[in-house]
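The shown structure was predicted, so the numbers you read here are calculated from the model rather than taken from an experiment. For this chain, numbers begin at 1 and follow the sequence in order.
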Amino acid sequence: MRKGFLALATSGLLAVTGLAACAEDKGADTGAPKTPKIGVILPDSKSSARWETADRKYLQAAFDAAGIKADIQNAQGDKTQFQTIADQMITNGATVLLIVNLDSGTGKAVLDKAKAQNIPTIDYDRLTLGGSASYYVSFDNKAVGKLQGDGLVKCLTDKNVANPAIAQLNGSPTDNNATLFKAGAVGVLQPKYDAKEYSLVADQPVPDWDNAQAGVIFEQMFTQASGKINGVLAANDGLGNAAITVLKKNKVNGKVPVTGQDATVQGLQNILAGDQCMTVYKAVKQEADAAAALAISLAKGEQKTTDQTTKDTESGRDVPSVLLVPQAIFFNNVKDVVTDGYVTKDELCTADFAAKCTEAGIS
């Protein structure tokens, strides 16, 4: 499995490298030259730790290596602040904007302002429906959901659970990625619901990916199902941990498989402890490097081509895209995330998890 993991990661990097090396240069802006400056708006630090612990550092490192000035800010889940940051970046001379929208409405407003000022834009990780981004850089998000659905099936099968009752704890209804995650997962689970092999007992989105709300929502699910929930399709590690907290309170943690996403330290520790069935690892450095390469080219007045597009379901536009390959992580390959450098052994293998790390082959 390790060999396959490396092959996927390497092919992703080669695809990005090829994009930068082989893309057609359509020429620079004919107006007065501007000092390249890239503005980046991250969404929050509550929904997932990745935005501050991974994306920020990888993007900053790529810009620093290219000698390009960058301003990276976090809207902390505040839509008004998101637009204020964008206005400030435009006023302060940003020549490119790279955004992770909080919702498509807010994202579109920012993209439209940038377009009016002839500032090229990149949708990072989340596509802004109806937007005008020059590029979209993300992972194949339906594939992420499919890995979650397949992972839940695997874990239920491994536990020999017959006719499991499933709760679906989905991401924010305003995030297009959450729609894609669910579509990918339901593509796996719906045939089992239809065949009466599995039953769907709860299905609810979590506004703004808020983990605290997720805990309240899942507790209500658990109560309404009289505790008869055998598997939880949770859209990311934060939502998964919220469900696990409720399961712990009811002394059934470890008995009920829970999925996740983002390969956070908390999510990986939950896997090591046996409380979480799996997570989806998205090699954020690949995503950040691909987006940074495009942003740097745009900042220099260049327009690159990509060999992928994503259909904007609202506008019908085919958005030039770079879509990377996600990886399913279970107990037996948690070590891959450490080897890849996404988390460190010191972060993961604290005293409570040292023995489990050894068992999982993390050295």
Side-chain angles (χ1 to χ4, degrees), residues 43-52 74-82 100-103 105-106 126 144-145 148-149 151-152 155-156 164-183 185-186 189 193 198-271 273-280:
D44 60 62
S45 55
K46 285 177 61 179
S47 66
S48 177
R50 63 165 285 194
W51 302 116
E52 288 297 327
N74 194 313
Q76 297 298 352
D78 187 322
K79 296 174 187 179
T80 300
Q81 181 67 5
F82 191 98
V100 188
N101 73 55
L102 290 172
D103 61 29
T106 306
R126 299 171 182 169
V144 170
Q148 292 174 326
L152 186 58
C155 293
L156 288 165
I166 308 300
Q168 295 180 177
L169 199 58
N170 309 305
S172 175
T174 60
D175 180 357
N176 186 57
N177 279 6
T179 301
L180 297 174
F181 300 148
K182 182 177 179 179
V186 170
L189 298 176
Y193 297 149
Y198 289 11
S199 60
L200 178 62
V201 296
D203 181 18
Q204 194 167 334
V206 178
D208 301 321
W209 293 93
D210 186 283
N211 296 332
Q213 287 193 63
V216 173
I217 290 169
F218 185 73
E219 187 144 35
Q220 292 170 345
M221 289 177 170
F222 194 83
T223 300
Q224 289 168 3
S226 300
K228 295 178 181 178
I229 290 177
N230 305 112
V232 183
L233 180 77
N236 76 355
D237 289 348
L239 305 189
N241 189 67
I244 288 167
T245 300
V246 175
L247 296 174
K248 282 181 178 178
K249 188 167 74 172
N250 289 277
K251 296 181 172 51
V252 291
N253 56 302
K255 299 178 182 179
V256 179
V258 178
T259 66
Q261 179 185 177
D262 291 334
T264 61
V265 169
Q266 182 180 67
L268 295 173
Q269 288 178 337
N270 281 336
I271 291 173
D275 292 333
Q276 185 168 323
C277 146
M278 58 85 68
T279 188
V280 178

Kindly give the heavy-atom pair with the smallest separation between Leu156 and Pro257, and that separation in Å.
CD2-CG, 3.9 Å
Could you tell me whether the side chain of Gln261 and the main chain of Ala235 form a donor-acceptor pair under 3.5 Å?
yes
If you take all heavy atoms of Val232 and Ile229, which pair is closest and at what distance?
CG2-CG2, 4.1 Å
Using a 4.5 Å cut-off on heavy atoms from C-beta on, say whether the side chain of Ser48 contacts that of Trp209.
no
Side-chain donor/acceptor of Asp175 to backbone N/O of Asn177, under 3.5 Å
yes
Heavy atoms of Arg126 and Ser47 approach each other most closely as NH2-OG, 4.4 Å
Could you tell me whether the side chain of Gln266 reaches within less than 4.5 Å of the side chain of Asp237, counting heavy atoms only?
no
Going by side chain to side chain donor-acceptor pair (under 3.5 Å), name the residues that satisfy it together with Asp208, two or more places apart in sequence or in a different chain.
none
Suppose we screen for side-chain contact (heavy atoms from CB on, under 4.5 Å). Which residues come up paired with Ala242, at least two apart in sequence or across chains?
Ala214
Specify the closest pair of heavy atoms between Met278 and Gly151, including all atoms of both residues, with the distance to one decimal.
CG-CA, 4.1 Å
Do Glu52 and Asn74 make a side-chain contact, defined as non-hydrogen atoms from C-beta onward lying under 4.5 Å apart?
yes
Give a yes or no on whether the backbone of Ala234 and the side-chain of Thr259 come within a donor-acceptor separation of less than 3.5 Å.
yes
Verdict with supporting geometry, Leu180 and Val144, side-chain contact (heavy atoms from CB on, under 4.5 Å):
CA-CA 8 Å; Leu180 297 174; Val144 170; over 6 Å; no
Output for pair (Lys249 NZ, Glu219 CD), nearest 0.5 Å, gives 3.0 Å
Atom pair CG/NZ of Asn250 and Lys248 - distance to nearest 0.5 Å
13.0 Å
Minimal non-hydrogen separation, Gln76 against Ser45, with atom names:
OE1-OG, 2.8 Å
Between the main-chain N or O of Gly260 and the side-chain N or O of Gln148, is there a donor-acceptor pair closer than 3.5 Å?
yes
Check whether any side-chain heavy atom of Val206 sits under 4.5 Å from a side-chain heavy atom of Phe218, and report yes or no.
no
Are the side chains of Thr279 and Leu268 in touch, meaning some heavy atoms are under 4.5 Å apart?
yes
Quick one: does Val252's side chain get under 4.5 Å of Phe222's, heavy atoms only?
yes
Asp262 side chain vs Thr264 backbone, donor-acceptor pair below 3.5 Å
no
Got a second to check how far Gln269's CD is from Asp275's CG, nearest 0.5 Å?
11.0 Å
Validation row: Asp210, Lys46 side chains within 4.5 angstrom (heavy atoms):
yes
Contact between Leu189 and Gln168 at the side-chain level, heavy atoms closer than 4.5 Å - yes or no?
yes
Hey, what do you get for CG (Asn101) to OG1 (Thr174), rounding to the nearest 0.5 Å?
8.0 Å
Atom CG in Asn211, atom CG in Asn236: separation rounded to 0.5 Å?
6.5 Å
Report the residues that fulfil side chain to side chain donor-acceptor pair (under 3.5 Å) with Asn170, sequence neighbours left out, ordered by chain and then residue number.
Asp203
Measure across Leu233 and Gly149 and return the closest heavy-atom pair with its distance rounded to 0.1 Å.
CD1-N, 4.2 Å
What I want to check is whether the side chains of Asn241 and Asn270 have a donor and an acceptor closer together than 3.5 Å.
yes
About how many Å separate CD1 of Ile244 and CG of Leu239, when rounded to the nearest 0.5 Å?
11.0 Å
Any donor-acceptor N/O pair, Asn230 side chain to Ala165 backbone, under 3.5 Å:
yes
